[in-house]
Amino acid sequence: MNVRQLLDDRLGEAFEQVTKECAPALVSPASRPEYGDYQANGAMAVAKRLKTNPRKLAEDVVGASDLTGIVAETEIAGPGFINLTLSQEFLKGTLARADLVTKVPRRESIVIDYSSPNLAKTLHVGHLRSTIIGDATARTLEILGHNVWRQNHIGDWGTPFGMLVTYLDEQGQSSDDLGNLDHFYALASERFEKDPTFAKAARKFVVDLQSGKEGAITRWKQFIELSTSHMQRIYEQLNISLNPDHTRGESAYNNDLAQVVTDLDEAGLLSLSDGAKCVFLKEFTGKEGKPLPMLVQKSDGGYLYHTTDLAALRYRHKVLNADRILYFTDGRQNLHFRMLFAVAHASEFVPKSTKLEHHPFGKLLDSNGRPFRSRDGSTIPLDHLVEEAFERARAIVQSKNSNLGDREFDEVVRAIAIGAIKYADLSKNRLHDYTFDWDSMLAFEGNTAPYLQYAFARIQSLFSRGNLSSKSYRADIVPENENERNLAIQLCRFQETLELVGREGMPHHLCAYLYELTSRFMRFYETCPVLDAPEKDRKSRLALCARTAKTLETGLNCLGIAVVTRM
RNA sequence: GCGCCUGUAGCUCAACGGGAUAGAGUAUCGGCCUUCUAAGCCGAGGGUUGAAGGUUCGAGUCCUUCCAGGCGCGCCA
């Protein structure tokens with residue numbers, strides 16, 4: 001249940017009744033504990049507009065509101081804040097619900113375009129943020145009940161593939177070099193440059209491919225399959241929920257491109273400029289105020305990524321019935337997406353009611369503020385990154401103790417290694433550049449994935465010590481002291497946090513939530529005995545622990561991070 | 001030149017349609033393990049939110065100018 005929304009609705013009605021106009025209640029979690037659990041900030045804004053006393057207005061709103069069974073205490077503070085304290089019965093009732101997450105009332109069809117690597121190159125750190133953040137958003141929207149269409153818009157078409165396939169043919173189908181695609185690519189380009197016969201064959205292959213010659217298509221497909229399996233292996237290592245069903249690459253739109261250009265022409269948007277076909281929109285200007293074109297067809301007849309993106313957009317609208325389409329790419333593509341969305345709407349390829357959202361993110365930097373690369377200046381392949389995380393996590397888990405068996409040891413290492421990489425990224429506001437630092441993400445202190453995983457493991461340990469199961473444990477939660485209550489309140493805020501993440505495509509809100517939840521749990525756990533508590537307290541506290549474990553597990557699952565029962 | 005993004009504690013980061021005294025972690029210093037995992041908990045110090053104006057009862061958040069860094073601006077994606 002979304003408590004924040006519930007309060008906002010109830011107070012919103014009262015605001016409307018009192019002011020006779022639509023005035024938002026502006027409910028948010030209280031900024032300080034002494035202000036209660038939630039606060040409503042709407043009174044000041046409306047009072048200003050209506051030129052009345054905000055404190056008086058706040059009082060009237062509280063008087064007119066129906067908060068029975070929800071709020072135990074209201075207080076008007078400062079210039080007109082309404083501070084709300086939830087009632088014990090409401091907490092108890094909310095936490096007694098079996099469902100942790102309620103499905104949103106309006107189920108939307110949501111397309112999420114993320115990861116989208118180019119298959120001519122190996123997956124590297126440049127793909128990390130899009131893949132991780134997009135995946136967390138997809139999982140979150142899905143758990144909220146939306147119909148999520150993951151779209152992996154891979155680069156699987158174009159001249160590099162001519163070179164690669166020709167080289168693959170030459171080397172034999174089973175070439176293991178493809179595991180390191182960049183190396184393979186480098187070898188292929190070298191041949192391309194130095195061997196005219198090879199270059200000729202590669203060029204001919206591209207022509208054959210584009211004209212749809214069967215043999216060429218078959219070999220191209222074989223290459224794509226090899227490269228895709230490599231990509232898929234990395235997704236599995238990283239616990240990314242993308243699978244081949246989600247792949248719809250550039251090549252999938254080849255047959256639509258001519259039609260896109262024709263339709264743009266029919267919509268009266270197409271211009272010919274220096275032999276290229278393009279769309280000029282008056283809101284976009286470039287150097288010296290000259291109109292900025294969006295090129296959709298080159299003078300040699302070839303199409304561009306704008307064209308493909310328009311075709312994809314149309315597919316997502318027409319076939320997938322998208323209500324929202326989200327793109328997770330780095331900020332440099334900002335102009336491209338602004339133009340793309342403007343053209344899509346101007347041409348009516350996509351109706352204005354379909355929300356088109358670019359969710360950009362900053363660069364990946366090293367601790368010196370430079371782009372994150374390996375020592376020799378080359379980009380870091382993701383499988384190397386994962387391997388290093390495993391090695392580092394293995395060393396740490398080994399040093400920590402453990403009577404873990406081999407299998408459990410491996411499981412813990414994996415959860416920690418992958419969790420560390422993902423959480424470090426996900427916990428930051430994606431708009432900013434992000435400093436990648438092994439030591440801080442694997443320090444396991446403070447706001448890191450292992451801290452959350454550790455809390456989960458402690459709870460599991462508690463339940464196994466009591467011969468109980470955290471999954472099935474049921475009892476009323478009746479918070480008696482401050483630490484119990486603080487934990488209970490935080491548990492009640494899970495739904496509103498998920499909805500916030502879904503709305504904004506910003507998983508760091510969920511990380512902040514889970515971290516706060518965990519610190520509150522740790523404080524509670526430090527001060528309140530559970531198994532040895534008197535029967536009445538024991539039940540309620542066990543239920544608090546069980547609910548915390550379930551929330552942690554579900555929350556981390558939304559982030560694509562695993563929990564472990566021991567560590 | 002035009003446009004977009006970023007600037008918060010030594011470091012890494014929060015602050016959700018403007019809200020109350022700008023919060024965490026880390027590092028530093030000081031406490032807490034015969035008792036449910038110390039990968040933990042408690043406490044201390046640490047800030048002119050890049051700068052200056054403005055709007056407002058109220059500005060890290062909005063507006064203007066400036067400074068610094070990054071990125072983008074026609075046939076790659």
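Chain identifiers are assigned alphabetically (A, B, ...) following the order of the sequence lines, protein sequences preceding nucleic acid strands; residue numbering begins at 1 within each chain.
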For [N], what is the paired nucleotide under Watson-Crick or G-U wobble rules, both distances under 3.5 Å?
N     : result
B:C41 : B:G31
B:G19 : B:C57
B:G47 : none

Using whole Å, report how far [atom1] of [X] lies from [atom2] of [N].
X      : N     : atom1 : atom2 : answer
A:E526 : B:C36 : CD    : P     : 10 Å
A:L404 : B:A39 : CG    : P     : 13 Å
A:E516 : B:C41 : CD    : C1'   : 15 Å

Legend entry - Contact check, side chains of A:R538 and A:P529, non-hydrogen atoms, under 4.5 Å: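 Side chain of A:R538 against side chain of A:P529, heavy atoms only: no contact under 4.5 Å found.
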
What pairs of nitrogen or oxygen atoms, one from the protein and one from nucleotides 16-25 of chain B, lie under 3.5 Å apart?
residue : atom : partner : partner atom : Å
B:C16   : O2   : A:R4    : NH1          : 3.0
B:A20   : O2'  : A:Y35   : OH           : 2.8
B:A20   : N7   : A:Q39   : NE2          : 3.4
B:A20   : N6   : A:N83   : OD1          : 2.4
B:A20   : N6   : A:N83   : ND2          : 3.4
B:A20   : N1   : A:N83   : ND2          : 3.3
B:U21   : O2'  : A:R32   : NH1          : 3.0
B:U21   : O2   : A:R32   : NH2          : 3.3
B:U21   : N3   : A:R32   : NH2          : 3.4

Legend entry - Any residue meeting salt bridge (Lys or Arg N to Asp or Glu O under 4.0 Å) with A:R414, in chain and number order, not counting sequence neighbours: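 None.
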
Legend entry - B:C33, syn or anti by chi within 90 degrees of zero: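 What B:C33 shows is a syn base, its glycosidic angle lying within 90° of 0.
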
Inset, instruction - Please tell me which of the listed nucleotides, B:U6, B:A14, B:C36, lies nearest to the side chain of A:P529? - result: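 Given the options B:U6, B:A14, B:C36, the side chain of A:P529 is closest to B:C36.
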
Legend entry - Closest nucleotide among B:A39, B:G74, B:C41 to the A:L295 side chain: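 For the A:L295 side chain, the nearest candidate turns out to be B:G74.
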
Legend entry - A:H358 and A:T329: side chain donor to acceptor below 3.5 Å: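 Yes - a donor-acceptor pair under 3.5 Å links their side chains.
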
Legend entry - Lys/Arg N to Asp/Glu carboxylate O, A:R430 vs A:D425, below 4.0 Å: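 Here A:R430 does not pair with A:D425 in a salt bridge, since their nearest N and O are not under 4.0 Å apart.
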
Inset, instruction - Indicate yes or no: does A:D433 engage A:K363 in a salt bridge with an N to O separation below 4.0 Å. - result: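 The answer is yes: the pair qualifies as a salt bridge.
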
[N] OP1/OP2 closer than 4.0 Å to side-chain N/O of [X]:
X      : N     : result
A:T308 : B:A77 : no
A:H508 : B:A15 : yes
A:R458 : B:A38 : yes
A:R523 : B:C42 : yes
A:Y451 : B:C41 : yes

Inset, instruction - May I ask whether A:Y525 stacks on the base of B:C36, given the cut-offs of 5.5 Å between ring centres and 30° between planes? - result: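 So yes, this residue stacks on that base, both cut-offs being met.
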
Legend entry - Residues forming a side-chain contact (heavy atoms from CB on, under 4.5 Å) with A:T19, sequence neighbours excluded: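 Testing A:T19 for side-chain contact (heavy atoms from CB on, under 4.5 Å), a comparison that skips the adjacent residues, returns A:E21, A:A23, A:V46, A:L50, A:L57.
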
Inset, instruction - Mind checking ring-ring contact (aromatic ring centres under 6.0 Å, His included) for A:Y525 and listing every partner two or more places apart, or none if nothing turns up? - result: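 Here the qualifying residues are A:F521.
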
Inset, instruction - Quickly, which of A:R4, A:R32, A:R493, A:R485 forms a salt bridge (Lys or Arg N to Asp or Glu O under 4.0 Å) with A:D37? Name it, please. - result: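 Answer after filtering A:R4, A:R32, A:R493, A:R485: A:R485.
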
Legend entry - For A:R338, side-chain hydrogen bond (donor to acceptor under 3.5 Å, both in side chains) partners two or more places apart: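 For A:R338, the residues satisfying side-chain hydrogen bond (donor to acceptor under 3.5 Å, both in side chains) (neighbours in sequence not counted) are A:N334.
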
Inset, instruction - Please work out which residues in residues 328-337 of chain A have a non-hydrogen atom less than 4.0 Å from an atom of RNA chain B and list them by number. - result: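 Output list: A:R332, A:N334, A:L335.
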
Inset, instruction - Answer with base, sugar-phosphate or nothing: what part of the nucleic acid does A:T565 contact at a heavy-atom distance below 4.0 Å? - result: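 Since a base atom lies under 4.0 Å of A:T565, the category is base.
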
